[in-house]
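Below, chains carry the letters A, B, ... as their sequence lines are ordered, and counting in each starts from 1.
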2 protein chains.
Amino acid sequence: MYYELSPRKQAILKAIVDAYIETGDPVGSKALTQSKQFVLSSATIRNEMAELEALGYLEQPHTSAGRIPTELGYRFYVDALMQDYALSQGELAELNSMLKAKTAELDKLIQNAGKVMANLTNYTAIAVKQSSGKNTVTRFSLTLIDENNFLLVMVCGNRSAKTRFVRTDIPVNEEVLEMLSQVLNNFVAGRDLSTITLPYLMQMENCLGQYSGLVSPIIKFVYDAVGEENQRDLRIDGVDKLLEYPEFLDQGKLKDMLGMFDRKEELLELLDEEGTNDVTILIGKEKGVQAMEGSSLVFKKIVVDGKTVGAVGVIGPCRMDYSKVVSAIRYLSDGIADAMHPRPSLGEIPPPDDNHK
Amino acid sequence: MYYELSPRKQAILKAIVDAYIETGDPVGSKALTQSKQFVLSSATIRNEMAELEALGYLEQPHTSAGRIPTELGYRFYVDALMQDYALSQGELAELNSMLKAKTAELDKLIQNAGKVMANLTNYTAIAVKQSSGKNTVTRFSLTLIDENNFLLVMVCGNRSAKTRFVRTDIPVNEEVLEMLSQVLNNFVAGRDLSTITLPYLMQMENCLGQYSGLVSPIIKFVYDAVGEENQRDLRIDGVDKLLEYPEFLDQGKLKDMLGMFDRKEELLELLDEEGTNDVTILIGKEKGVQAMEGSSLVFKKIVVDGKTVGAVGVIGPCRMDYSKVVSAIRYLSDGIADAMHPRPSLGEIPPPDDNHK
DNA sequence: TTTAGCACTTTGATTAAAGGAGTGCTAAAC
DNA sequence: GTTTAGCACTCCTTTAATCAAAGTGCTAAA
């Protein structure tokens with residue numbers, strides 16, 4: 001698809017995107033000739049720009065403004081034209097000081113990553129602790145608190161556990177809980193989380209005799225817990241950075257963004273983007289999310305021992321300093337993975353056994 | 001301080017604040033006479049307004065606009081003039097549906113409280129789970145996973161639970177865990193979290209015989225969990241609601257707010273505001289926080305058994321529908337407290353100082 | 001194929017004028 | 001003494017008009 005662009009067109013496109021990223025003003029033919037990098041007249045450049053526009057890489061805000069890149073233009077830029085950015089000493093120092101902090105705790109690392117990222121790039125940062133896709137329920141454990149309250153613990157295959165306090169109007173005791181626990185384990189233990197649906201859980205009701213009244217709260221909690229387990233913890237830092245970019249002064253855009261930050265699900269879906277294990281760049285509405293119009297999301301998964309444990313990234317206007325952002329994200333994501341990897345020390349979560357039991 | 005206001009001045013002030021809260025436009029003398037509630041000419045009202053301005057309750061955006069309340073004006077309004085707002089059927093239903101969810105888990109309740117609050121009031125909601133300094137460990141529960149792994153669950157007095165996977169090189173089985181659990185419960189259950197220090201935990205080592213090797217990961221976990229439990233978790237919902245109020249279109253204000261939401265410490269400090277146990281209203285820069293200029297924070301602590309376990313509130317423009325907000329917050333805060341500590345007639349949760357086992 | 005030249009469009013900033021809202025003050029009425 | 005009608009004044013907002021700047025597309029020549 002891209003081969004249709006002559007080297008000269010590519011060079012012009014690159015120059016336009018670079019300039020637009022830097023200034024935010026539409027760039028005209030004259031500005032390019034003045035930058036000395038082309039020995040062409042503005043008229044020639046105008047012709048090329050007109051063709052780039054016809055091909056869909058550029059657009060004009062209005063008849064007589066300069067050109068700005070379209071989503072396709074940015075796409076081509078990041079795929080083929082963008083140069084690597086070498087992080088400065090100061091930037092490296094900032095990133096390292098965070099990574100060197102003596103904690104191998106993923107939560108903390110990811111939390112800090114967001115802050116550092118927002119600070120360094122001057123875009124809003126996102127950081128997510130991500131549970132790996134396939135997960136099973138290992139077992140349930142019920143702990144009596146008093147006759148109207150017990151604690152439900154759901155232990156998952158990926159070494160995580162969810163707890164939930166359950167209040168019940170039907171008095172319970174150790175024996176009842178034992179019984180309940182067996183039924184629950186028979187029904188749900190060992191199953192993949194995704195196969196635990198509401199209708200499936202309903203079947204439990206029959207097995208509980210006089211305690212079938214307990215089933216509905218429990219079903220709800222199991223269902224919630226399953227949902228929660230699939231829910232990842234998304235942090236967003238530096239929301240106020242959005243305001244530094246005029247594209248978000250339009251209050252409609254800003255509202256879209258803030259709404260998305262609030263809801264989070266949409267954002268998490270975008271982060272699920274499979275594919276590459278390197279930095280992923282989503283430009284504008286590429287993935288069909290309306291609220292992303294005019295914005296780009298750049299992120300990289302954090303992979304430890306072949307498992308995705310989270311991701312860090314940045315969200316900002318399409319007119320984003322991609323090369324710097326990509327370098328920073330790559331460095332940070334890899335750095336966190338490194339920090340997580342070594343030293344199996346006390347109290348840490350052990351690496352997953354291939355089989356237990 | 002307030003006695004200097006004649007009843008008529010108070011009525012006029014109230015009418016102005018009410019009108020301004022509703023429309024957001026400065027209100028002039030004519031508008032008040034047209035509202036039929038005063039049998040006075042606009043000239044008389046103008047005189048009163050001029051005096052109210054001299055006293056510091058009103059101000060004019062410019063020479064020939066109407067008047068708007070000053071911070072002092074709002075203060076007097078909420079302290080003395082504001083009428084109670086009766087929540088509508090629909091609003092009550094919304095609040096109740098959240099409270100009725102059969103979970104006594106504070107985290108979830110507070111999480112949902114924020115969402116419901118933002119939705120109901122149309123202002124940005126804040127919800128904080130505040131560990132009261134005083135929290136106790138109710139009990140421990142150990143669940144075997146396989147001979148080298150078990151799950152440690154710590155149940156706290158304030159209805160929260162922490163879990164941790166423990167891997168051990170010393171093979172364990174149900175009996176060992178039972179024994180461990182007893183030792184743990186003897187040592188730690190019922191104690192205030194703040195009294196659980198590292199040296200104290202170390203003493204456990206002696207009681208465990210051949211399993212004393214297990215103690216160190218457990219100690220680390222308990223210690224971590226205690227720390228985590230003391231951390232306050234501030235959630236902010238409905239940030240995009242800010243954009244519905246023209247006072248935040250001024251991008252400076254908006255940036256201040258978003259910055260404050262990002263940092264959180266400042267906000268947490270404001271929430272620490274002691275004093276009343278009812279709804280607290282902070283207007284503008286009253287507490288010396290620059291970023292709060294033009295904004296108000298309304299919140300109420302959630303108190304269970306005399307202990308503050310969190311708070312819910314709302315943040316928005318000074319021109320806020322205080323009466324509705326206050327009603328909603330009061331209802332929700334009390335409702336959560338109830339849900340955490342249901343009526344004793346059901347004989348449910350024993351007060352935390354009760355003996356355990 | 002490239003370029004110089006030029007007419008054309010659109011934006012943004014500036015200015016001027018008109019309209020509106022609300023006030024403060026004065027003097028008269030209650 | 002209080003209240004009110006009347007009126008001049010101030011300041012904001014909107015609209016329209018003008019002007020300069022920026023950038024383009026097109027044509028014709030190099």
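- Ring geometry for Y74(A) versus Y20(A): interplanar angle of 30 to 60°, hence tilted.
- Within a 6.0 Å sphere centred on CD of Q37(A), other residues, nucleotides and ligands contribute more than 12 heavy atoms.
- The distance from atom CD1 of I68(B) to atom P of dC12(D) is 14 Å, rounded to the nearest whole Å.
- Nucleotide dA21(D) holds its C1' atom 14 Å from the CD atom of Q34(A), rounded to whole Å.
- Contacts of T63(B) with the nucleic acid, taken as non-hydrogen atoms under 4.0 Å apart, involve only primed sugar atoms and P, OP1 or OP2.
- Here dT4(D) presents its P atom at 10 Å from CG of N47(B), a figure rounded to the nearest Å.
- Contact annotation: the side chain of Y123(B) approaches that of D321(B) to within less than 4.5 Å [non-hydrogen atoms, C-beta and beyond].
- You'll find the side chain of M260(B) reaches within 4.5 Å of the side chain of V289(B), heavy atoms only.
- Taking the 5' to 3' direction, DNA chain C first and last meets chain A under 4.0 angstrom from a heavy atom at dT2(C) to dT11(C).
- Side-chain contact check for Q10(A) versus F76(A): some heavy-atom pair is nearer than 4.5 Å.
- Between the CD atom of E59(B) and the P atom of dC11(D) there is a distance of 17 Å, given to the nearest Å.
- With DNA chain C read from its 5' end, the first of the two nearest nucleotides for A50(B) and S64(B) is the one closest to S64(B).
- Here dT4(D) presents its C1' atom at 16 Å from CG of L32(B), a figure rounded to the nearest Å.
- Judged purely by distance below 3.5 Å, without hydrogens or angles, the side chains of E91(A) and Y85(A) pair a donor atom with an acceptor atom.
- Among the heavy atoms of the strands lying under 4.0 Å from S29(A) are primed sugar atoms or P, OP1, OP2 only; no base atom is included.
- Place H62(B) and E48(B) on DNA chain D by their nearest nucleotides, and E48(B) ends up nearer the 5' end.
- Taking atom NZ of residue K30(A) and atom C1' of nucleotide dA21(D), one finds them 10 Å apart after rounding to whole Å.
- Rounded to a whole Å, the CD1 atom of I45(A) is 18 Å from the P atom of dA22(D).
- In this entry dC26(D) has dG5(C) as its Watson-Crick or G-U wobble partner, both defining distances falling under 3.5 Å.
- Look at CD on Q60(A): it is 12 Å from C1' on dA22(D), rounded to the nearest Å.
- The residue among V39(B) and A65(A) whose nearest nucleotide of DNA chain D lies closer to the 5′ end is V39(B).
- In terms of position on DNA chain C, the residue among P26(B) and S41(A) whose nearest nucleotide sits closer to the 5' end is S41(A).
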Full working for salt bridge (Lys or Arg N to Asp or Glu O under 4.0 Å) between K255(A) and E244(B): CA-CA 9 Å; K255(A) 200 169 171 68; E244(B) 307 210 347; 3.4 Å; yes
